[in-house]
Asker: 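Can you keep this structure in mind? I'll have questions shortly.
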Amino acid sequence: MDAFEICGGEKLYGSVKIDFAKNSLLPLISATVATGSTVCFPSFPNYRDTEVLLSIAEHGGAKVERKNGGVKIDSSSFCRGVFPDKLFREVRASIFMLGGVLARLGYAECPLPGGCRIGDRPINLHLEALEQMGANIRCDGEKVICRADGLHGAKIVLPFPSVGVTENVMIAACLADGDTEIHNAAIEPEVMDLKNFLNECGGKIATRGRTFYIGGVKKLTGCEYTPIKDRIEAGTFLYATALVGGEVAINCVPEKKICSFVAKSGNNACKIKCFNGNIYISAKGTPFSCTKISTSPYPGYPTDMQSQVVALLSVAKGESIVSDTVFPERFACVEQLKQLGADIKVKNGCAIVSGVRSLKGARVKAEDLRGGAGLVLACLKADGLSAVENAELIDRGYAAIEDKLSALGAKIKRIKNYRG
Ligand code: EPZ
């Protein structure tokens, strides 16, 4: 596995181009397979996770063409409902393909999904929703076998606004017979991006608050589509600059909760201004004041920024409390942050972060995508040399993060097949 070698202490200056949202592209690839038509994405970033999903689509018979930085997917010849075990287990989002493939082919067989180790990743809500739409689903140990002679509309009430379940059902419901309602649905920007995409493909989806109304259609068409930008990547660069100091322009404004934390807790050491779809941050790199943060489904503070905020608060003044109500065990990076000198205790789904004056470079290991991003931020701040191992986990959701950071002045480089 590769590692990022980082020499901390450099401020960041310049501008950074944020890629299209990984968590949009993954359901969009799944929805493309459901259309049975051709979809063009004029520009397509190179995330490991999207590459895996494209390979799964090709395995099923879709034709994927990469040209001039874009991707064209023709899923008219997608005909295999049995998903490839190894690829499917690599990415949690592969489960998002289930509904569309089942609706199109009447059969889908997949292993239990994998993804980041950020706590229990059950798929019960996915399967229960598809059963409500008429699917016959059997789990035998490692495999899920789904059959359906056409899906029918249903009224799905989610116990939790699950992003993936909302997306899976939305795709399947577009091809179901009759109307489907999803209540207590997730409303993350990426979910709304998928809704817009499906409507471009002939879908009939309307939303009111957390309720989605989906009219089934016989067939979806193709389209040309440009997704939204990645608010989590933008937030990650915003926090990196707030942490180490500097002046950076970012061509994507993350939502209010991500920005207000920096503006509020930055002790006037951070000035933020938004203009024309860009956000400009000027930061001294001095310690933040301590605070309490709890993640929750959109429009709450996003769980995908939790590791990055813990890294930032590890050198704040005083004691902060960070809790994650979405993934209560998503604190794998804490043990690694402690290698850098952070003082953090994790108890009942909360991280108690006692700010320290400085962090010291060390060899640390990414255990998941966003935890790895948090470690990169901490190493940019730490005195001396660090190495963040398992860089490929970070590549899952950041395209060439080391190039973007070094273009801003960070001392970071990739060491292939790192041996320490
Ligand atoms: C999506 O994962 C994102 N992934 C995650 O981003 C993100 O953290 C998460 O939503 C929450 O915003 C993609 O979009 C590809 P959920 P998803 O279903 O859909 C429980 C990243 O770093 N649940 O909203 O898997 C689940 O255990 C990734 O980019 C069930 O209990 O998240 C969790 O506690 C990480 N049963 C909660 O719901 C189910 O069948 C939230 O999960 C499904 C989910």
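The model shown is predicted, which means the values in this text are computed figures rather than measured ones. All values below come from the heavy atoms of this structure, side chains included, with hydrogens, waters and symmetry mates left out. For ligands, and for the atoms within them, numbers begin at 1 and follow the listed sequence.
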Asker: Contact between ligand 1 and Pro122 is defined here as a heavy atom of the residue under 4.0 Å from a ligand atom; is it met?
Answerer: yes
Asker: Distance under 4.0 Å to a non-hydrogen atom of Asp304: what atoms of ligand 1 satisfy this?
Answerer: 5 (C), 6 (O), 7 (C), 8 (O), 21 (C), 22 (O), 28 (C), 29 (O), 35 (C)
Asker: Kindly confirm or rule out an N or O of Leu125 lying under 3.5 angstrom from an N or O of ligand 1.
Answerer: yes
Asker: So with a 6.0 Å cut-off around NZ of Lys411, is the heavy-atom count from everything else above 12?
Answerer: no
Asker: Show which atoms of ligand 1 fall inside a sub-4.0 Å distance from at least one heavy-atom site of Arg92.
Answerer: 25 (O), 43 (C), 44 (C)
Asker: Is the NZ or CZ atom of Lys273 both under 6.0 Å from the centre of the six-membered ring of Tyr280 and within 45° of that ring's axis?
Answerer: yes
Asker: Counting only heavy atoms, which portion of Asn124 has something under 4.0 Å from ligand 1: side chain, backbone, both, or neither?
Answerer: both
Asker: Identify, by atom number and element, the atoms of ligand 1 in contact range of Arg330, meaning under 4.0 Å from any of its heavy atoms.
Answerer: 8 (O), 22 (O), 35 (C)
Asker: Short list, please: which atoms of ligand 1 are under 4.0 Å from a heavy atom of Arg370?
Answerer: 21 (C), 22 (O), 29 (O)
Asker: List the steps, then state whether side-chain hydrogen bond (donor to acceptor under 3.5 Å, both in side chains) holds for Ser294 with Ser323.
Answerer: CA-CA 5 Å; Ser294 176; Ser323 56; 3.2 Å; yes
Asker: Please state whether the rings of Phe78 and Phe83 are parallel, tilted or perpendicular, taking 30° and 60° as the class boundaries.
Answerer: tilted
Asker: At under 4.0 Å between heavy atoms, is it the side chain or the backbone of Phe327 that contacts ligand 1, or both, or neither?
Answerer: side chain
Asker: Kindly assign one of parallel, tilted or perpendicular to the pair Phe96 and His126, based on the angle between their ring planes and the thresholds 30° and 60°.
Answerer: parallel
Asker: Could you go step by step and tell me if Asp395 and Arg48 meet the salt bridge (charged side-chain N to carboxylate O under 4.0 Å, His left out) rule?
Answerer: CA-CA 6 Å; Asp395 297 337; Arg48 275 172 70 85; 5.5 Å; no
Asker: Answer yes or no: does atom CG of Asp149 have more than 12 heavy-atom neighbours from other residues, nucleotides or ligands under 6.0 Å?
Answerer: no
Asker: Relative to the heavy atoms of Gly164, which atoms of ligand 1 are at a distance of less than 4.0 Å?
Answerer: 18 (O), 19 (O)
Asker: Could you give all pairs that pass the salt bridge (Lys or Arg N to Asp or Glu O under 4.0 Å) test and reach residues 160-187, with sequence neighbours left out?
Answerer: none
Asker: Just which atoms of ligand 1 are under 4.0 Å from any heavy atom in Ala93?
Answerer: 15 (C)
Asker: So, 4.0 Å and heavy atoms of Glu329: is ligand 1 close enough to count as a contact?
Answerer: no
Asker: Which option out of Val326, Leu194, Ile232 puts a heavy atom nearest to atom 34 (O) of ligand 1?
Answerer: Val326
Asker: Show every side-chain hydrogen bond (donor to acceptor under 3.5 Å, both in side chains) that has at least one partner inside residues 337-348, sequence neighbours left out.
Answerer: Glu335-Lys338
Asker: Heavy atoms only: which of Ile95, Asp49, Val163 lies closest to atom 24 (O) of ligand 1?
Answerer: Val163
Asker: By number and element, which atoms of ligand 1 are closer than 4.0 Å to a non-hydrogen atom of Leu26?
Answerer: 15 (C)
Asker: Looking at ligand 1, is there an atom of it that comes within less than 4.0 Å of some heavy atom belonging to Lys22?
Answerer: yes
Asker: Just to verify, which of Lys22, Arg231, Arg396, Arg330 counts as forming a salt bridge (charged side-chain N to carboxylate O under 4.0 Å, His left out) with Asp304?
Answerer: Arg330
